Amino acid sequence: MDNLLKHDLGSLVTPKLGAAFGAATAGGTGDNTAVTGIAVDRFAANMPRAAVVLVLWQAALAQNATLTLKTCEIEQSADGQNWDATKLVSFADPGVVGTGGAGGSTARGMVKLAIDLSSAKRYVRFNHTPDLSAANTDTSNTAVAWVLSGHDSLPAV
């Protein structure tokens with residue numbers, strides 16, 4: 001294997017933003033509300049056959065209150081406008097990803113989901129739903145990133 005490839009992971013993958021940064025307030029705006037992902041054009045990324053989707057999160061949580069991620073799914077589309085009714089992948093919900101510590105705390109983390117894209121259509125997007133257990137005070141922010149790999153040719157550096 002070429003020495004560059006052994007030490008340059010960036011030459012083997014293509015990162016993409018997967019969703020607008022989302023904010024939620026317990027019992028209010030964004031809480032238990034689906035976040036629809038940004039369409040990723042696989043053709044423009046040299047047709048990757050695999051990906052890792054990263055859901056990054058941060059939450060200010062009251063003691064023992066939780067942030068749960070649910071309805072994690074990947075949709076596909078031939079044209080980027082009309083999305084298939086049947087999901088490409090519906091992941092088992094990651095469940096509770098953060099719990100407030102003594103007296104309340106800020107928790108941070110990441111959920112990693114791997115996907116085989118070899119049979120996917122040209123466009124894919126990742127959807128998820130953040131759900132805060134407390135009412136009115138807790139807040140969370142989520143962001144989604146794709147790490148695309150297994151390209152037909154190496155991505156441009």
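The structure presented is a predicted model; accordingly, all values stated were derived computationally and were not measured.
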For a 4.5 angstrom cut-off between non-hydrogen side-chain atoms, does Trp146 reach Val124? yes
If you define the side chain from C-beta out and look only at heavy atoms, does anything of Gln76 sit under 4.5 Å from Ile74?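 No; the side chains remain at least 4.5 Å from each other.
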Rounded to the nearest 0.5 Å, what separation is found between the [atom1] atom of [X] and the [atom2] atom of [Y]?
{"X": "Thr33", "Y": "His128", "atom1": "OG1", "atom2": "NE2", "answer": "11.0 Å"}
{"X": "Ser105", "Y": "Leu61", "atom1": "OG", "atom2": "CG", "answer": "6.0 Å"}
{"X": "Asp84", "Y": "Glu75", "atom1": "CG", "atom2": "CD", "answer": "8.5 Å"}
{"X": "Asn46", "Y": "Leu148", "atom1": "CG", "atom2": "CG", "answer": "10.0 Å"}
{"X": "Met110", "Y": "Thr142", "atom1": "CE", "atom2": "OG1", "answer": "14.5 Å"}
{"X": "Thr71", "Y": "Asn127", "atom1": "OG1", "atom2": "CG", "answer": "9.0 Å"}

Taking only residues two or more places apart in sequence or in another chain, which ones pass side chain to side chain contact (heavy atoms under 4.5 Å, CB included) with [X]?
{"X": "Ser118", "value": "Arg49, Asp116"}
{"X": "Val111", "value": "Val55, Trp57, Leu69, Pro94, Val97, Leu113"}
{"X": "Ser90", "value": "Glu73, Lys87"}
{"X": "Asn82", "value": "Asp79"}

Who are the side chain to side chain donor-acceptor pair (under 3.5 Å) partners of [X], not counting sequence neighbours?
{"X": "Asn32", "answer": "Lys70"}
{"X": "Thr139", "answer": "none"}
{"X": "Asp41", "answer": "Arg122"}
{"X": "Ser140", "answer": "none"}

Closest approach of [X] to [Y] (non-hydrogen atoms, all atoms of both residues):
{"X": "Ala34", "Y": "Thr129", "value": "CA-OG1, 3.4 Å"}
{"X": "Asp138", "Y": "Ala62", "value": "OD1-N, 2.9 Å"}
{"X": "Ser77", "Y": "Gly80", "value": "OG-N, 2.8 Å"}
{"X": "Asn141", "Y": "Ala23", "value": "OD1-CB, 3.4 Å"}
{"X": "Lys16", "Y": "Ala45", "value": "CE-CB, 4.5 Å"}

With sequence neighbours excluded, what pairs up with Arg42 under the salt bridge (Lys or Arg N to Asp or Glu O under 4.0 Å) test? none
Residues that Asp93 engages under salt bridge (Lys or Arg N to Asp or Glu O under 4.0 Å), provided they are two or more places apart: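 Residues passing salt bridge (Lys or Arg N to Asp or Glu O under 4.0 Å) with Asp93: none at all.
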My understanding is that a hydrophobic cluster links ILVMFWY residues whose side chain heavy atoms are under 4.5 Å apart, including indirect links. Using that, what else belongs to the cluster containing Trp83?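 Same cluster as Trp83: Tyr123.
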Other than Phe21, which residues form its hydrophobic cluster under the rule that side-chain heavy atoms must be closer than 4.5 Å?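 Joined to Phe21, directly or through intermediates: Leu17, Ile38.
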Is the side chain of Asp31 donor-acceptor paired with the backbone N or O of Leu132 at a distance under 3.5 Å, no angle test? yes
Is there a path from Val53 to Leu88 through hydrophobic residues (I, L, V, M, F, W, Y) whose side chains come within less than 4.5 Å of each other?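 Yes: a chain of side-chain contacts under 4.5 Å links Val53 to Leu88.
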Hey, any chance Val144 and Leu56 share a hydrophobic cluster, counting ILVMFWY side chains that come within less than 4.5 Å of each other, even indirectly? no
